[in-house]
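Have a look at the structure below, then the notes.
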2 protein chains.
Amino acid sequence: MKLYYSPPSPFSRKVRVAAAVLRLSEDMALTPVDTLDPADPLRDKNPLGKIPVLETNDGECIYDSAVIAAWLDEQAGGGGVIPRDPKARTRALVLEALADGLTDSAVLIVYESRYREPQERSAKWLAHQGGKIQRALAQLEQVPPALDGTPDIGQIALACALGYLDLRFSGEWRAAHPRLVAWFDDFTQRVPAFAATAGEPKLNA
Amino acid sequence: MKLYYSPPSPFSRKVRVAAAVLRLSEDMALTPVDTLDPADPLRDKNPLGKIPVLETNDGECIYDSAVIAAWLDEQAGGGGVIPRDPKARTRALVLEALADGLTDSAVLIVYESRYREPQERSAKWLAHQGGKIQRALAQLEQVPPALDGTPDIGQIALACALGYLDLRFSGEWRAAHPRLVAWFDDFTQRVPAFAATAGEPKLNA
């Protein structure tokens, strides 16, 4: 199988870390794409032009990152990064949605500079997206998720969200969220694939 | 259980239609929220301030719409709107991601006017989001999904995406996509809950 991705993309990282945890990385060829290039084959794989996309050996294209992660989990036999227990599964998937939503807002803030002339930027929009990030961080700081055994997809998504804040916003989130910083350090130590997939800030994401 | 939602929200509609197909609507109290009001209880339920959120009878809050739909499917015994067969399930979830991505772009275009002063609007950004919608529609027009028996979550998401284009963009998509219009008409006839959840364009979404 083939993963269309870009190195600093937080959603691509989520899938790469999940694949590593599931011991599927060796079967996954990494194909970098340029999401801004209309001629890039990406748009034939996913008309939305979003990454990551997983192309199976049968030529089927799977997206978005949550659907890919669930598919990989099944390929690995199930119960790896998606818990089998219904309550634990729901908890993991809600955490994934929270972390992905945080990342979406961070990406929209980055895009505000990437796609717009200075006079087209909106303080109101930036504050709206920033508020989502701050409230999500505040809730997570109160009770960081427990970490033991195999990380689930919610925890992986959260680490990728925080890694993206580090990458694009100089780790500003750290000062006010010491328990989440401790959680992040613990995750990084437990899951070697996380440090191994750190992006290079120069590229698009 | 309780659904925090707003009437014209396409992602809320997806969950409401899924609940109806699964015969769970009667157990779901509808609680309208105002996503723009900081004092609305919504932000205690989901710090992202996004709808829909499902609160279970145990007080657990579930989001986003894809996670809620999967949870409802389990409550109804499984295999309702989320196919049990792995290939059919992946097909349904990828269609859901495509339709939701189309809806996300349509929402971003609507927000361009809602959040920004006229001089802050970007033709480049609008074209970027519009391109995603056009490419997604073009792919769907080539091979509209088959419809038979219980609609799956991908088909429900697609109907809600097209319904949102009708609501906010005066059905402009229809002229160039006759097969998708036929599909949409067929879906509307087969799934009475769809027409029953049509939004009122005055409200936020």
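Protein chains get the first letters and strands the later ones, always in sequence-line order, with residue 1 at the start of each. In this text, all values refer to a predicted model and were calculated from it rather than measured experimentally.
- Contact annotation for B:Glu96: neither backbone nor side-chain heavy atoms come within less than 4.5 Å of a heavy atom of chain A.
- Using a 4.5 Å cut-off between heavy atoms, B:Leu108 contacts chain A through its side chain alone, with no backbone atom that close.
- Using non-hydrogen atoms only and a strict 4.5 Å limit, the part of residues 121-136 of chain A facing chain B consists of A:Arg121, A:Ser122, A:Lys124, A:Trp125, A:His128, A:Lys132, A:Arg135, A:Ala136.
- When heavy atoms are compared at a cutoff of 4.5 Å, A:Val67 approaches chain B solely by way of its side chain, counted from C-beta outward.
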For residues 20-29 of chain B, please give each side-chain donor-acceptor pair under 3.5 Å, one per line with the distance, not counting sequence neighbours.
from: B:Ser25; atom 1: OG; to: B:Ala20; atom 2: N; distance (Å): 3.2

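- With respect to chain B, the highest number of heavy-atom pairs below 4.5 Å among A:Leu98, A:Asp64, A:Leu93 belongs to A:Leu98.
- Applying a 4.5 Å heavy-atom cutoff, the residues of residues 69-81 of chain A that approach chain B are A:Trp71, A:Glu74.
- The CD atom of A:Glu117 sits 14.0 Å away from atom CD of B:Glu120, with the distance rounded to the nearest 0.5 Å.
- Distance CD1/A:Ile62 to CZ/B:Arg91: 11.5 Å, rounded to 0.5 Å.
- With chain A as partner, the option from B:Gln139, B:Arg43, B:Gln119 having the largest number of non-hydrogen pairs under 4.5 angstrom is B:Arg43.
- Within residues 149-159 of chain A, no residue has any heavy atom closer than 4.5 Å to a heavy atom of chain B.
- In terms of heavy-atom pairs under 4.5 angstrom with chain B, the leader among A:Asp100, A:Thr90, A:Val94, A:Asn46 is A:Val94.
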